[in-house]
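Take a look at the structure set out below.
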Amino acid sequence: MTSVSSYPLIAPSLLAADPLCLGEEIKAVEAAGADLLHIDIMDGHYVPNLTFGPQHVKAMKSVTNLRLDIHLMVSSPAVVTPWFIDAGADWVSFHPETEAHPYRLLQYIQSRGVRAGVVLNPGSPWQIVEPLLPVLDFVLLMSVNPGFGGQQFIPRVVSKVAPLLALKPDLIIEIDGGVNSENAPDLIKKGVHVLVAGSSIFGQKERIALKSDRTETYRAAINAIRGQ
Ligand code: DX5
Ligand code: ZN
């Protein structure tokens with residue numbers, strides 16, 4: 001099992017990175033102080049978008065020491081989970097409504113030495129997590145509807161944090177969608193451990209400002225989210 005040093009962890013979401021130079025983007029966020037790399041896997045069926053396959057994840061793994069956080073937005077997570085673990089996943093989460101046997105899949109993920117998580121959509125109640133607690137390392141709270149980057153943060157989702165932590169105090173809470181330096185301080189205060197951020201790190205405004213040094217641009221964005 002991978003160990004987590006100090007919270008909050010900042011996880012840049014590669015969905016918002018430049019798809020023509022992903023290797024450079026990954027090296028830049030690593031040098032800039034990212035803690036985890038968030039990789040969105042979409043199958044064009046569970047969500048209306050297509051992204052990366054295991055061959056991409058394997059290639060990403062080869063250029064970084066960052067741990068890989070694989071967010072599965074697919075209709076058959078049990079089929080693809082072994083592919084992504086073989087490719088180098090360190091954390092894997094899936095949407096429980098996509099899987100007939102979520103308890104079994106979480107057990108499988110943990111048996112491979114990988115952190116296991118489920119994802120709650122904005123409309124999913126936190127209570128569905130309760131039966132899964134014995135085999136759960138983390139919960140990923142979607143603060144946008146899954147499928148695309150660059151959407152607006154849905155604040156109501158934050159109300160799920162306290163009851164989840166009351167259920168299991170050592171549960172890791174991750175939040176994903178619309179996270180930026182403005183809403184991050186409140187999320188950290190409420191006990192969120194992992195902040196996923198796509199547009200607010202890799203975004204176009206920053207990209208234009210990059211000029212020659214993309215690492216420094218990303219360092220400023222990551223530090224701003226972390227509250228430094
Ligand atoms: C959306 C993805 C997110 C997305 C976040 O389905 O799960 O990880 O990349 O992007 P931003 O930070 O731009 O909302
Ligand atoms: Zn995601």
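Fair warning: this is a prediction, and the values are worked out from it, not measured in the lab.
Under the 3.5 Å distance criterion, the side-chain polar atoms of T51 are matched with a main-chain donor or acceptor of D40. The main-chain N or O of V63 is never found under 3.5 Å from a side-chain atom of K27 such that the two would form a donor-acceptor pair. Judged by distance alone, the side chain of S143 and the main-chain N or O of F153 form no donor-acceptor pair under 3.5 Å. A donor-acceptor contact shorter than 3.5 Å is absent between the side chain of N121 and the backbone of G123. One N or O on the side chain of D43 and one on the backbone of Y46 form a donor-acceptor pair closer than 3.5 Å. Of the possible donor and acceptor atoms, one in the side chain of N183 sits under 3.5 Å from a partner among the backbone N and O of N180. The main-chain N or O of I173 is found under 3.5 Å from a side-chain atom of H193 such that the two form a donor-acceptor pair. Remark: side-chain polar atoms of D35 are paired, donor with acceptor, to backbone N or O of I10 under 3.5 angstrom. Listed for the D137 side chain is no donor-acceptor partner under 3.5 Å among the backbone atoms of G117. Looking at S159, its side chain does come within 3.5 Å of a backbone N or O of R156 through a donor-acceptor pair.
Under the 3.5 Å distance criterion, with hydrogens and angles disregarded, a donor-acceptor pair is assigned to the side chains of Y108 and R112. Side-chain polar atoms of H71 and S93 form no donor-acceptor pair below 3.5 angstrom. Counting only N and O atoms by type, the side chains of Y218 and E30 include no donor and acceptor under 3.5 Å apart. Counted by atom type alone, N145 and Q151 present zero donor-acceptor pairs between their side chains at under 3.5 Å. Between the side chains of S13 and D176, no donor-acceptor pair of N or O atoms lies under 3.5 Å.
Going from atom CG of L136 over to atom CZ of R115 covers 11.5 Å, rounded to the nearest 0.5 Å. Put simply, CE on M142 and NZ on K160 are 10.0 Å apart, with the number rounded to the nearest 0.5 Å. The line from CG of L141 to CD1 of I154 is 11.5 Å long, rounded to the nearest 0.5 Å.
Under the 4.5 Å side-chain contact rule for hydrophobic residues, M73 and L120 do not share a cluster.
Look at E25 and R214 and you find a salt bridge, because one of the NZ, NE, NH1 or NH2 atoms lies within 4.0 Å of a carboxylate O, short of that distance. Looking at K61 and D86, no side-chain N of the basic residue comes within less than 4.0 Å of a carboxylate O on the acidic one, giving no salt bridge.
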